[in-house]
Amino acid sequence: MNRYYVDLHIHIGRTWTGKPVKITGAKSLTFTNIIEHARHEKGLNMVGIIDCHSPEVILEMESLIQSGEISEHPDGGLIFGDLTVIPGSELEIYDEQSNGPIHLLVYFANLTIMREFSSWLSGHLKNIQLSSQRIYVTGLELQKKAKDLGGIFIPAHVFTPFKSLYGKGVNKSLSEVLDPDLIDGIELGLSSDTYMADQLGELHRYTFVTNSDAHSLAKIAREYQVIAMKEPTFLELQKALKGEDDRHIIANYGLDPLLGKYHKTVCAECLNPLNYDDQQCKLCGKDKIIKGVADRIIELKTADINPNGRPPYVHQVPLEFIPGLGPRALEKLVNHFGSEMAILHEVPYEALAEVVPIKIADLIMKAREGKINLAAGGGGKYGKIAD
């Protein structure tokens, strides 16, 4: 069995003709730029690009297949050298069963199926060109359609305060809006980790995935996983999510939850940190509160013991969070050592110190070893290294 670096949640900002897809995504996030950056700069082996339902994105993929730059694997996935692309889509439901909007991820084996799914979607949303659109069907209907097409279904960033399953979507249980048996995995999001999520007993049955939700090239692989598969294909990914035939998640690599934008509860007006039971900000007096992921999980807690066999969750600080490591220094490191994955996991201290200042090399090693001090984020503001 082989080891592969995988990030399954990357947005497309613009089509190849410049039309917007993810409005908040960088203009440089075209399909072609993503696969080149993920392969050559990040060192990933598999990526999920989750705006592939957009018709112009489909045209770009078709053009790359016709030119021979990418090819379709018989077991699913688009092959670009040693990188495999899993085409997917992020959609928003807000049906009668939910308390608020919920983002959901679906993935399909090939372009033919994605084209069929896009055609179906066009009859159930307002703008098929754009990312993360509200789909006017129930969560159960979306699950059924995904499964009818042989797809993978994963609720996205499930604890974030806005547009997520547990953030506002349900009162207590995912079964309020979804069929538990038609879920292939749970995406944790940047403000939680395995140990936090497993306080919900109903999640013990699912594989956890850690993805970047990248809105720029730099954000790709800020969270990812290492997966044991025979080869990087859609079929092998399906097996890994189910834990079949020795395919499995080896480890989840993600932000320490303190670095996430929504870890702690804060005042929505001034971002002053608040206690769990505060009803009003003691600093500015406003009563609008953004509940942090940590406090929301306390509300939902049903379990004390983590399930056996859960892969380790490695708290990792992305290189862009390292103070003093600007774009030029990072480019220098990548050019010297080949990829960000190599820098994060493999390059010894002595070699790092030959390329960047000792202070930066020290911080990279401390981050690798989990020995770095952090200040918590909240209310949409990232945490930071406190050293």
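In this text the structure is predicted, and so the values were computed from the model without any measurement.
What you find for H157 and H9 is that their closest heavy atoms are CD2-CE1, 4.2 Å. A pairwise comparison of heavy atoms in I250 and P311 identifies O-CB, 3.4 Å as the closest pair. Scanning all heavy atoms of the two residues, the minimum distance from C270 to C281 falls at SG-SG, 3.7 Å. In terms of heavy atoms, S131 sits closest to D51 at OG-OD1, 2.6 Å. Contact detail for I35 and L83: the closest heavy-atom pair is O-CD2, 3.4 Å. Scanning both residues, F159 and S192, for their nearest heavy atoms gives CD1-OG, 3.5 Å.
With rounding to the nearest 0.5 Å, the separation of OG in S118 from CD in E116 is 11.0 Å. Here the CE-CE distance, from M229 to M46, works out to 4.0 Å after rounding to the nearest 0.5 Å. Taken from CG in L300 to CG in L200, the straight-line distance is 5.0 Å, to the nearest 0.5 Å. Between I135 atom CD1 and L142 atom CG the span is 5.0 Å, to the nearest 0.5 Å. The structure places CG of L274 at 8.5 Å from NZ of K282, a figure rounded to the nearest 0.5 Å. With rounding to the nearest 0.5 angstrom, the CG atom of L258 is 9.5 Å from the CG atom of D193.
Residues H345 and Q316 have side chains in contact (heavy-atom distance under 4.5 Å, counting atoms from C-beta outward). Within the 4.5 Å cutoff, the side chain of E202 has heavy atoms near those of the S173 side chain. Side-chain atoms of F208 and R310, non-hydrogen and from C-beta on, do get closer than 4.5 Å to each other. Side-chain contact check for E62 versus R115: some heavy-atom pair is nearer than 4.5 Å. In this structure, P155 and L178 have side chains that are in contact, with non-hydrogen atoms separated by less than 4.5 Å. Between N2 and E231, every side-chain heavy-atom pair lies at or beyond the 4.5 Å cut-off. Contact of the L8 side chain with the L105 side chain is not registered, since no non-hydrogen atoms from C-beta on lie closer than 4.5 Å. No side-chain heavy atom of L363 sits under 4.5 Å from any side-chain heavy atom of L325.
Side-chain contact, D75 with T233: no donor N or O sits under 3.5 Å from an acceptor N or O. The closest side-chain donor-acceptor pair between E56 and T17 falls under 3.5 angstrom. With hydrogens and angles left out, the side-chain atoms of T138 and D95 include no donor and acceptor closer than 3.5 Å. Defined by atom type and a distance below 3.5 Å, a donor-acceptor pair is present between the side-chain atoms of N211 and E187.
Taking the six-membered ring where tryptophan is involved, the planes of F117 and F108 are tilted, since the angle between them lies from 30° to 60°. Taking the six-membered ring where tryptophan is involved, the planes of Y224 and Y253 are essentially parallel, since the angle between them stays under 30° and well short of 60°. Between Y313 and H315, the ring planes lie perpendicular to each other; the angle is over 60°, past the 30° to 60° tilted range.
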Please step through side chain to side chain contact (heavy atoms under 4.5 Å, CB included) for the pair H336 and L333, ending with a clear verdict. CA-CA 5 Å; H336 196 85; L333 279 172; 5.8 Å; no

Apply side chain to side chain contact (heavy atoms under 4.5 Å, CB included) to T30 and W16, showing your working. CA-CA 6 Å; T30 64; W16 58 350; 5.7 Å; no

Kindly determine whether I183 and Q143 satisfy side chain to side chain contact (heavy atoms under 4.5 Å, CB included), including the steps that lead there. CA-CA 8 Å; I183 294 173; Q143 283 184 290; 3.6 Å; yes

Please lay out, stage by stage, how T15 and E60 fare under the test side-chain hydrogen bond (donor to acceptor under 3.5 Å, both in side chains). CA-CA 8 Å; T15 69; E60 182 174 359; over 6 Å; no

Residues L29, N33; criterion side chain to side chain contact (heavy atoms under 4.5 Å, CB included); working and verdict: CA-CA 6 Å; L29 275 175; N33 285 348; over 6 Å; no

Quick one: do K163 and E92 satisfy salt bridge (charged side-chain N to carboxylate O under 4.0 Å, His left out)? Show the steps, please. CA-CA 8 Å; K163 300 184 178 181; E92 178 179 301; 3.7 Å; yes

Please report the C-alpha distance between K230 and E236 in whole Å, then the side-chain angles of each, then the deciding distance to 0.1 Å, and finally whether the salt bridge (charged side-chain N to carboxylate O under 4.0 Å, His left out) criterion is met. CA-CA 7 Å; K230 185 177 180 181; E236 290 283 303; over 6 Å; no

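Put simply, the side chain of D7 gets close to the backbone of A221: a donor and an acceptor are under 3.5 Å apart. For K42 (side chain) and I220 (main-chain N/O), a donor-acceptor pair under 3.5 Å exists by modelled atom type. Without hydrogens or angle criteria, R368 side chain to L344 main chain gives a donor-acceptor distance under 3.5 Å. T84 places a side-chain N or O within donor-acceptor distance of the main-chain N or O of P232, the cut-off being under 3.5 Å. Under a 3.5 Å cut-off, the side chain of T302 and the backbone N or O of G201 do form a donor-acceptor pair. A donor-acceptor pair is defined here as one N or O able to donate and one able to accept, closer than 3.5 Å; such a pair exists between the side chain of E72 and the backbone of L111. Of the possible donor and acceptor atoms, none in the side chain of E90 sits under 3.5 Å from a partner among the backbone N and O of S132. With hydrogens and angles disregarded, a donor-acceptor distance shorter than 3.5 Å links the side chain of E223 to the backbone of L255. R296 contributes no side-chain N or O that, together with a main-chain N or O of K168, makes up a donor-acceptor pair within less than 3.5 Å. Looking only at distances, no side-chain donor or acceptor of E269 sits under 3.5 Å from a matching main-chain atom of C284.
The side-chain contact (heavy atoms from CB on, under 4.5 Å) test with S89 singles out one residue from I49, V57, L121, and that residue is L121. With D184 as reference, K147 is the one residue of K147, R205, K242 to meet the salt bridge (charged side-chain N to carboxylate O under 4.0 Å, His left out) rule.
More than 12 heavy-atom neighbours from other residues, nucleotides or ligands sit within 6.0 angstrom of CD on E320.
Note on L64 and I50: separate hydrophobic clusters, where clusters join Ile, Leu, Val, Met, Phe, Trp and Tyr whose side-chain heavy atoms are under 4.5 Å apart, directly or indirectly. If you chain together hydrophobic residues whose side chains sit under 4.5 Å apart, M341 and V226 fall into the same group. I128 and V137 fall within the same hydrophobic cluster, where Ile, Leu, Val, Met, Phe, Trp and Tyr residues are linked whenever their side-chain heavy atoms come under 4.5 Å apart, directly or through other members. Note: the hydrophobic cluster containing I227 also contains I154 (ILVMFWY, side chain heavy atoms under 4.5 Å, direct or indirect links). Placement of V106 and W120 within a single hydrophobic cluster is found when ILVMFWY residues are connected by side-chain heavy-atom separations under 4.5 Å, directly or transitively.
For the pair R134 and Y94, the cation does not sit on the ring face, since its NZ or CZ is not both under 6.0 Å from the ring centre and inside 45° of the axis.
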